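What follows is a set of notes on a single structure, which appears directly below.
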Amino acid sequence: KYTLSRAAGEDVGSYTITPAGAAAQGNYAVTYVKGTFTIKAVPFVPGPDPDIKDPDVPKADLNTTDHYAYIIGMPDGLVHPEQNITRGEVATIFFRMLTDESRTANWKTTNSYKDVPATLWCNNAISTLSNAGIIKGYDDGTFRPNAPITRAEFATMAVRFFESKYNGNDKFSDIATSWARQYINAASEAGIIKGYTDGTFRPTQLITRAEAVTIMNRALLRTPDKDHLLADMKVWPDNQVLTKWYYADMQEATNSHDYTMPEDESVTYETWTKMQAVRDWAKFETEWATANASTNPGEVVTPATTSTGTSGS
């Protein structure tokens, strides 16, 4: 893409170009005089991209202090780390992890989506986060709360809490044509997402519960370590293999606890110090509601769905 600004008969701006046969992109100076464009050989340093956060909506902040459990297991007693998670469930997680100030400032019980009625268990979460500009629906006026969420959609929601900007080349090899390219690059720059070992991000792939909580923990500045948890924590039958890459993150997401951070800056993990009761989210969310209390029993579960979202957030 390129941006040109005219001044005294000459246009100068930034130009992102891939020359024929070249493997990498670069930024170059471009001049325009009397109908002719000239690309200069010297690099041109572009100005910053516009802030990716919507300027006309209230600011929302995440609670990075209290380490509440925000995922609760399914009725079968399992946590299902490798299953998908829905858009409505993700909205509920972000809603739970808002600061009280942000929740109050952005509180809403109505929305414009034709498939999110007031009686839907996650209506208040979707309405509040939509009001905050964190989540958005599709061009057809739907939000699709029961559809599983893609990696691109989740990254987009998460990075809207940050003032992250990035002006360089793509961080991943497969996002050049993605609608979420700008958000994915910014999320990577903010350190809340990572790709695969082959250099891809796989934006249209459905995100798993384990991947979602790992990104969420990074956004919440939580740094669990498998060797610094507590013996009396809740243990899940399907999350007991300590060598799994998601083991500690799933425990972090499902156990409320006190913690300490090390004074030694070279140590990057938190240490759990005391277990706390899991918050009664259904009761908590009802206290915030002015109408239509949640009918979901406080769980973030994955209902059976057949539709998928690929371009909303």
Side-chain angles (χ1 to χ4, degrees), residues 68-97 115-116 120-122 125-126 129 135 138 142-158 180 184 187 192-197 200-220 222 224 226 229 233-256 278-279 281-282 285 294-313:
Y68 298 130
Y70 54 84
I71 289 280
I72 299 174
M74 297 185 184
D76 62 4
L78 304 179
V79 73
H80 295 285
E82 296 181 1
Q83 280 193 8
N84 299 134
I85 190 167
T86 68
R87 289 168 56 80
E89 291 170 335
V90 169
T92 299
I93 289 173
F94 281 122
F95 176 81
R96 290 174 177 178
M97 291 296 98
D115 59 347
V116 183
L120 187 67
W121 70 271
C122 51
I126 292 172
L129 288 170
I135 62 177
Y138 296 87
T142 64
F143 182 75
R144 307 177 195 175
N146 292 326
I149 193 169
T150 66
R151 288 171 55 81
E153 289 174 329
F154 192 97
T156 298
M157 291 183 190
I184 294 169
I192 60 175
I193 64 169
K194 296 180 181 179
Y196 295 89
T197 55
T200 63
F201 181 71
R202 307 176 194 176
T204 61
Q205 181 172 295
L206 299 180
I207 200 167
T208 66
R209 289 160 66 85
E211 290 173 331
V213 302
T214 299
I215 294 172
M216 192 70 191
N217 287 342
R218 294 188 192 124
L220 294 170
R222 299 192 186 187
K226 63 182 179 63
L229 309 180
M233 66 183 171
K234 171 70 175 181
V235 177
W236 305 94
D238 57 345
N239 190 48
Q240 295 193 30
V241 181
L242 274 63
T243 55
K244 286 282 191 180
W245 64 267
Y246 53 70
Y247 170 78
D249 279 297
M250 290 304 299
Q251 292 303 109
E252 176 74 33
T254 56
N255 284 274
S256 295
V278 173
R279 199 169 195 179
W281 288 112
E285 289 158 13
S294 173
T295 58
N296 181 278
E299 297 175 346
V300 176
V301 299
T302 306
T305 58
T306 57
S307 60
T308 60
T310 58
S311 61
S313 60

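Both backbone and side-chain heavy atoms feed into the values below; hydrogens, waters and symmetry mates do not. Everything quoted here is computed from the prediction, not taken from an experiment.
- One finds the OG1 atom of Thr214 at 9.5 Å from the NZ atom of Lys194 (value rounded to the nearest 0.5 Å).
- In this structure, CZ on Arg87 lies 8.5 Å from CD1 on Ile126, to the nearest 0.5 angstrom.
- Of all the heavy atoms in Leu242 and Lys226, the pair that sits closest is O-CD, 3.4 Å.
- Heavy-atom minimum distance, Glu211 versus Leu206: OE1-O, 4.2 Å.
- Here the rule is side chain to side chain contact (heavy atoms under 4.5 Å, CB included) with Asp238, and of Met74, Gln83, His80 only His80 fits it.
- Rounding to the nearest 0.5 Å places CD1 of Ile93 at 11.5 Å from CG of Leu129.
- Here the shortest heavy-atom pairing between Ala91 and Ala125 reads O-CB, 3.8 Å.
- Once rounded to the nearest 0.5 Å, the distance linking CD1 of Ile71 with CD of Glu252 reads 12.5 Å.
- Under the 4.5 Å side-chain criterion, counting only non-hydrogen atoms from C-beta, Trp236 is not in contact with Leu78.
- Between Leu120 and Phe143, the closest side-chain pair of non-hydrogen atoms is not below 4.5 Å.
- Met233 contributes atom CE, which lies 4.5 Å from atom CD of Gln251 (distance to the nearest 0.5 angstrom).
- In this structure, Arg279 satisfies the cation-pi test against Tyr68, with its NZ or CZ atom closer than 6.0 Å to the six-membered ring centre and inside 45 degrees of the ring normal.
- Counting heavy atoms from C-beta outward, Ile135 and Val90 have side chains that stay 4.5 Å or more apart.
- In terms of modelled atom types and a separation under 3.5 Å, the side chain of Tyr70 and the main chain of Val213 share a donor-acceptor contact.
- Relative orientation of the Phe154 and Phe94 rings is tilted, given thresholds of 30° and 60° on the angle between their planes.
- Across Ser256 and Ala69, no two heavy atoms sit closer than the pair OG-N, 2.8 Å.
- Checking side-chain atoms of Arg151 against main-chain N and O of Phe201 turns up a donor-acceptor pair under 3.5 Å.
- For Arg144 and Tyr138, the positive end sits near the middle of the six-membered ring, less than 6.0 Å away and at most 45° from its axis.
- Between the Thr200 side chain and the Tyr196 main chain, no donor and acceptor come within less than 3.5 Å of each other.
- Considering only heavy atoms from C-beta on, Asp115 comes within 4.5 Å of Pro145 through its side chain.
- Here Asn217 contributes atom CG and Tyr246 contributes atom OH; the two are 14.5 Å apart, rounded to the nearest 0.5 Å.
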